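Here the structure is laid out as structure tokens; the discussion comes afterwards.
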Amino acid sequence: MKKLMFAALCAALAQTALAQERTPSGKAVAKNPVSAEAEQVFRNSFRPDNPKYWMSRLEQDDAMKLCGQYKDNPPAAVRQKIELAQKATIRYPVDGKLMGKWQEGEKIAAHGRGGHIGFIQPDAPMTPRGGNCYACHQLAAKEVAYGTIGPSLHHFGKLRGNSDDIVKYAYDKIYNSNAFNACTNMPRFGLHNWLTPEEITHVVAFLMDPESPVNKD
Amino acid sequence: MAANPMKIRANNKDGVTEVKVLISHEMETGQRKDASGAIVPAWFITDLTAKHNDRLVLGAEFGTAVSKNPYLAFRFKGGAKGDKIVVSWKDNKGETRTDEAAIA
Amino acid sequence: MNNQRRTVLKSGSGAALLGILAAAGIIKPGMALAEWNKAAFEAKSMADTLKALGAGSPADSKDVQVTGPDIAENGAVVPVGVSSTLPNVTMVAILIEKNPNALAASFTLPEGTEANVQTRVKMGQTSNVYALVKSDGKFFMATKEIKVTLGGCGG
Amino acid sequence: MIQRFIRTLVGAAVVAAFAGSAAAQDSKVADELAKYREALADGNPADLLEVKGAALWAEKRGPKNASLEQCDFGLGPGKLDGAYAQLPRYFKDTGKVMDVESRLVHCMVTLQGFKQEDVTKQWFSKPGTESDIEALVTFIGAKSNGMPINVPATHPEEKKMYQIGEYVFYRRSGPQDFSCAICHGQDGKRIRLQELGNLTTKEGAGTAMKTWPSYRVSQGAVWTMERRLIDCMRQARFPEPKYLSDSIIALQVYLQKNATGTVMETPGIKR
């Protein structure tokens, strides 16, 4: 029964997210007739003096390719294939603890810089990479400048409790969002090493900890 | 680099003239660093006057906190259609510029 | 030079000659005012700034207003103004508590000019903004908090 | 089926709970933001640049000591009214689909005799360094103010560029899995406090495209559409696109076609 309840809740969480994203009609989209040429045009449109390791950011894995091809709305079978493959990528911190410090998570959530390259306005080399959660989500009530691309996460822990299962769900979702919702707008923070497993545990704590401003106010 | 002209609008309605001024100026704070990490020296308008014909209608002193490409709006009693509004500014490098507009 | 002249004429001001003369240093714009108040603009705290302006500790007044929106989408350009219904206002100023130097701008208002001036200022962060007004030789003040929000993609 | 129904119910309840708590604060924020934008609209520093652009347009410059007054943006030599709103388009003389900036640079090279690498060195301004291209594009854009965007993309080359633009719009890559569609593929969303147009619709693309070139208060400068799109790629953490490159022009064909019919309000002013 407990297991079932949890499954239902997880499903509800996923549904909440979906409700605010695209309707997963799974309607097959005709392949762009010029995609091979378009790919060439795209790759030839970058400055020749971009270093190779910058250019490598244009490489696509299967999930990226499929999401682009189906305009982020793949049919059910493709969707399932992506989600299964992505689930298998999730890695955990060595000590197994998934709840870090919410104070650290709060900083990561508010920080939107890091990883900018190019010649016009790159980040300084050692700029830490932020999660930039507020760009898309409401979190602590005191921050009014939040985006709405993703669902509101205000009172995330307060509404859901902080059972081990929910904590793991939050960690997994941040690590690889596509494991739950193929072609979601949310980045795969762990897969790309954008955030380390430890940093992800801090963001989890920011969402779950009863003392975190996400849940307090 | 010679300063670009200002944009001055002056409109009289019911005996009150409203003046709006847009100025082309960097208004460097002296706190920004350039790409090489060197401080960009402060460069900003310090003084501005606005005259209606020859009568002073506004005096202003700016600090570095006034935004780049400064904007200013104020109102004075009097002025008639066709009268001249003359605005002058001076910056901390000693550069100046004067432009004028007719009250509409 | 020619190009600038045409520009000015086109913009309808026709002050090209004045501008050119002024730029060349032949005539000086009519700065019939006191020298720029270095001490006030370089003061850091509110108290030091008020002192440098000779304002002491001004009384709060309901008849003074900081005008403009309560939220700025970006701190580089924050529309802010001062208005007052007090009599004989000869000077108004805008002070931003949390800026490196509190004083942003001050204005001398000759007789006939309304106590209603608007400009745009930079704010490093959310801060109280003060309107200072000199009326009948005495100083009055009003304040409001203006929130500077983080915007856009975040970088 | 029943399970799906329950999911939806729970989901809806959670969404409703969120919506209630923040609504009052949100509407206050929205009101003050509207006031902020209104206060900026009267007094757009882009107007100063437009005046400068008008002078540059008429000034004899370059090795050939010629003005740009014979430059053809698709409506005939020197015909600027409404030209910006109908770009990008296919040009017979170059055999290419060109946007306003590539066409302008083409004229600076062919009419005035400048070298392309010289004239594009300063394609955007930096503090203390102005950009002729920025001023000229602001001026040329303003000549389409009040006119409808009209890029039907019917010529085969234009049609192909539209399809390339669409491909690029949905193409994901980089360390955040970004494509243009991530932020600009849905209605009624915002990033932080900024509304995001759904650029796949006429309304969304129209709202976005009609105000460019635009003075950006956060940058203290007018941004052209190339500048806008190249910076989007930076925000997506991609390497830097080439100025005037085909995928930047293709994206503009895609966006302008989607926006077709929307009346221009340029130069704009925004965050």
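Sequence lines set the chain letters: A, B, ... in the order given, protein chains first and strands last, and positions in each chain run from 1. Please read these numbers as outputs of a predicted model, since none were measured by experiment.
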Heavy-atom pair count under 4.5 Å with chain D, highest-scoring of Trp54(A), Phe119(A), Trp194(A), Tyr134(A) = Trp194(A)
Would you mind telling me which of Pro48(A), Gly118(A), Gly115(A), Pro51(A) has the largest number of heavy-atom pairs within less than 4.5 Å of chain D?
-> Gly115(A)
[X] vs [Y] side-chain heavy atoms within contact, under 4.5 Å:
| X | Y | result |
| --- | --- | --- |
| His192(A) | Arg237(D) | no |
| Phe178(D) | Pro187(A) | yes |
| Asn185(A) | Gln186(D) | yes |

Find the distance between [atom1] ([X]) and [atom2] ([Y]) and round it off to the nearest 0.5 Å.
| X | Y | atom1 | atom2 | result |
| --- | --- | --- | --- | --- |
| Tyr167(D) | Lys71(A) | OH | NZ | 13.0 Å |
| Gln40(A) | Ile164(D) | CD | CD1 | 11.0 Å |
| Tyr170(D) | Asn73(A) | OH | CG | 9.5 Å |
| Ile149(A) | Lys189(D) | CD1 | NZ | 8.5 Å |
| Glu37(A) | Asp246(D) | CD | CG | 9.5 Å |
| Thr184(A) | Ile182(D) | OG1 | CD1 | 7.5 Å |

Please look at [X] and chain D and tell me whether the side chain, the backbone, both or neither of the residue comes under 4.5 angstrom of a heavy atom of that chain.
| X | value |
| --- | --- |
| Asn44(A) | backbone |
| Glu143(A) | side chain |
| Ala141(A) | backbone |
| Arg129(A) | neither |

Quick check: are there more than 12 heavy atoms from other residues, nucleotides or ligands sitting under 6.0 Å from [atom1] of [X]?
| X | atom1 | answer |
| --- | --- | --- |
| Lys35(D) | NZ | yes |
| Lys270(D) | NZ | yes |
| Gln122(D) | CD | yes |
| Lys159(D) | NZ | no |

Evaluate side-chain contact (heavy atoms from CB on, under 4.5 Å) for Phe124(D) paired with Ile120(A), printing each intermediate quantity in order.
-> CA-CA 10 Å; Phe124(D) 64 94; Ile120(A) 299 177; 3.6 Å; yes
Go through the steps to decide whether Lys28(D) and Val144(A) satisfy the test side-chain contact (heavy atoms from CB on, under 4.5 Å), and finish with yes or no.
-> CA-CA 10 Å; Lys28(D) 162 100 173 111; Val144(A) 299; over 6 Å; no
Of all of Leu193(D), Leu244(D), Ile248(D), Asp231(D), which one pairs up most often with chain A through heavy atoms under 4.5 Å apart?
-> Leu193(D)
Option that, when pairs with chain A are counted at under 4.5 Å, heavy atom only, ranks first among Lys160(D), Arg171(D), Gln163(D), Lys126(D) | Arg171(D)
Using non-hydrogen atoms and a 4.5 Å limit, figure out which bit of [X] sits close to chain A: side chain, backbone, both or neither.
| X | answer |
| --- | --- |
| Leu196(D) | side chain |
| Met233(D) | side chain |
| Ile249(D) | neither |

Determine the minimum heavy-atom distance between [X] and [Y], stating which atoms define it.
| X | Y | value |
| --- | --- | --- |
| Ser245(D) | Ser45(A) | OG-O, 3.3 Å |
| Ser173(D) | Gln60(A) | CB-CG, 4.2 Å |
| Asp177(D) | Met64(A) | OD1-CE, 3.1 Å |
| Phe238(D) | Ile117(A) | O-CG1, 3.3 Å |
| Gln176(D) | Phe189(A) | OE1-CE2, 3.6 Å |
| Pro239(D) | Met55(A) | CG-SD, 3.7 Å |

side-chain contact (heavy atoms from CB on, under 4.5 Å) evaluation trace for Asp72(A) with Arg172(D) | CA-CA 10 Å; Asp72(A) 299 325; Arg172(D) 287 186 182 233; 3.0 Å; yes
Verdict with supporting geometry, Val34(A) and Glu166(D), side-chain contact (heavy atoms from CB on, under 4.5 Å) | CA-CA 10 Å; Val34(A) 299; Glu166(D) 184 179 44; over 6 Å; no
Any sub-3.5 Å donor-acceptor pair from Arg192(D)'s side-chain atoms to Ala145(A)'s backbone N or O?
-> yes
Quiz item: cation-pi between Arg47(A) and Tyr243(D), 6.0 Å / 45° = no
Can you spot which of Asp26(D), Val29(D), Ile191(D) makes a side-chain contact (heavy atoms from CB on, under 4.5 Å) with Tyr146(A)?
-> Asp26(D)
